[in-house]
Chemist: 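Pasting a structure here, questions to come.
Atoms considered below: every heavy atom in the structure, side chains included; atoms not considered: hydrogens, waters and symmetry mates. Note on naming: letters A, B, ... go to the chains in the order of the sequence lines (proteins, then strands), and numbering restarts at 1 for each one.
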2 protein chains.
Amino acid sequence: MDTKSQIIYIATNLFQQKGYKGVGVSEILNACTITKGALYHHFPNGKEELLITCLESIDQAITTDIEVIFKQYQTTQEALCAMIEKLVANFEREGTISGYTFSSIVSEMASLSEPVRNTCSNLYAKIQEIYIKKLVEDGFSKDTAASIALMITASIEGAIMLCLTDNTSEPLKVISHVLPNVLKES
Amino acid sequence: MDTKSQIIYIATNLFQQKGYKGVGVSEILNACTITKGALYHHFPNGKEELLITCLESIDQAITTDIEVIFKQYQTTQEALCAMIEKLVANFEREGTISGYTFSSIVSEMASLSEPVRNTCSNLYAKIQEIYIKKLVEDGFSKDTAASIALMITASIEGAIMLCLTDNTSEPLKVISHVLPNVLKES
DNA sequence: GTCTATAAGCAGATAGAC
DNA sequence: GTCTATCTGCTTATAGAC
C-alpha cells in the first residue's frame, strides 16, 4: 500500500476511535512510522484536509459494506440482523467499533465545522437511502420507509454509543431483537 | 449564584456542546469572566476534575427532569412524547441540545478515561431505570421492559445526533412517531 | 477568594536538505 | 517523496501578590 493510502487507513481508524481533537498529528505520524514531511506533502492543508479525506473513505467503506449485506438477504429484517451481528463480532474482536460509525467526529465537529457537518449529514443520508430502498421493496410506502430508516439509523448509532460506554456488546444485541417491532406496519 | 456553581453551569453547557477536548480552559474562563486563579482554587486538579463535577451535575439535572415528566403522565408513551417534545423545543430555541445528552463527551472519552466512561455508564443506567420502572407499571415483564428501555435510550441519543448533524429537529419528531411501535407487546 | 505573571510542554504547520 | 530542524501559538498548570 502506498504512503497516502496508509495514512488515510490509519488516521481513519484513529479518528473513529478518539474523535478529531482526540488524535494529534504526531500520533498519526507514529502509527504510520512516517514524519511530518510525508504527511504535509500528501495533505498540504493539514489535519482538517486529512479528516475530510478520511470521512470520504468511511463513506466508501460503509456504503459498499451495507449494500453488499443488503443484497445478500431477502428482507430488511434479515439484512439488519446480519449487519448488527457483524458489528457485534467487530466489537468483541477489537474492543471498539472501527467501521460503520463516526459519531465521535459528528458530535464533536457538528458545532465547529460546517464542511465536516455537511459531509457527515450526507453520509447518514446515503446509509438511510439503502434502508429505504429495501423497505420499499418489502412493501412499505415511501414515507413510512423513510421514518423506519431513520429509526434504524438512530437506534444503531445510539446502541454503538452504549456499547462503548458500558464496554459490552449487549446493547447492539438487544437492539437486534427489538428492531423487528419497528419493521411491522403501523 | 456563587463562582463555583457558575463555573459548573457554564462549563457543563460548553462540554455538552463541544466535547471535552473541544473546550479550552481559557474559553471557560472567558465565558465566566473569571481568571485562572479562581478556577484552580475551586478545582485544584484542573480540567478533568471539572469535567467529572459537570457530569455529576448533568446526572442530577437529567434524572430529576425525566422523573418529573414520568410522574406527570399515565403511560410510558405519553411521557416519552412529552419528553421528546421538550427536546425539540430546546433544539429549536437554542440550536443545540443543552440538556439530556452528553454523547459528545462519551464518544470522545470512553476510550481515553476509565473514570469518565464509568460515570457516563452509570448515568445511562440511571436513565434506563426510570423507563424500566414505568414500563413495568405499564404491564411489561422486567426483561422486556429492560430491552425496550435500552431501545428508547439508544434511539433518542441517536436521534439527537442526527438532529445536530442535519441541523433540523425532524429526526426527534420522527422517533416520537415510531417509538410507539416498540411499546407494543412482542 | 480572586488576581497577574509566567512556566513548561505540546499542538499544528513550514523550510529546506537529500 | 521523505527526511530533519525549527517556528509560532496555544494548552494546561503553577507561584505568589493582593
Chemist: Would you kindly give the CG-to-C1' distance between L39(B) and dT2(C), to the nearest whole Å?
Modeler: 12 Å
Chemist: Hey, does the side chain of Y20(A) reach the backbone of G22(B) with a donor-acceptor pair shorter than 3.5 angstrom?
Modeler: no
Chemist: Does any N or O in the side chain of E108(B) come within less than 3.5 Å of the main-chain N or O of K21(B), such that one atom is a donor and the other an acceptor?
Modeler: yes
Chemist: Starting the side chain at C-beta, find the nucleotide from dT12(D), dT4(C), dA13(C) nearest to K36(A).
Modeler: dA13(C)
Chemist: Go through dT12(D), dG12(C), dT2(D) for me and flag the one nearest to the V25(B) side chain.
Modeler: dT12(D)
Chemist: Among dA13(D), dT2(C), dG1(D), which nucleotide sits nearest the side chain of H41(A)?
Modeler: dG1(D)
Chemist: Has Y40(A) got a side-chain N or O lying under 4.0 Å from the OP1 or OP2 atom of dT14(C)?
Modeler: no
Chemist: Is there a side-chain contact between T35(A) and the phosphate of dT2(D), meaning an N or O under 4.0 Å from OP1 or OP2?
Modeler: no
Chemist: Select base, sugar-phosphate, or nothing to describe what G37(B) touches, counting heavy atoms under 4.0 Å on all strands.
Modeler: base
Chemist: Round to the nearest Å and state the distance from N30(A) atom CG to dC3(D) atom P.
Modeler: 12 Å
Chemist: Among dT4(D), dG12(C), dC3(C), find the nucleotide with the atom closest to the side chain of A38(B).
Modeler: dC3(C)
Chemist: Evaluate side chain to side chain donor-acceptor pair (under 3.5 Å) for Q17(B) paired with S104(B), printing each intermediate quantity in order.
Modeler: CA-CA 7 Å; Q17(B) 282 169 40; S104(B) 50; over 6 Å; no
Chemist: Rounded to the nearest Å, what distance is computed from the NZ atom of residue K21(B) to the C1' atom of nucleotide dT11(D)?
Modeler: 11 Å
Chemist: Where the side chain of T3(B) is concerned, which of dT12(D), dT2(C), dC3(D) is the nearest nucleotide?
Modeler: dT2(C)
Chemist: How many Å lie between NZ on K47(A) and C1' on dC10(D), as a whole number?
Modeler: 13 Å
Chemist: When you check the gap from the basic side-chain N to the acidic O, do E92(A) and K173(A) get nearer than 4.0 Å?
Modeler: yes
Chemist: Can you measure F43(A) atom CZ to dG12(C) atom P for me and round it to whole angstrom units?
Modeler: 15 Å
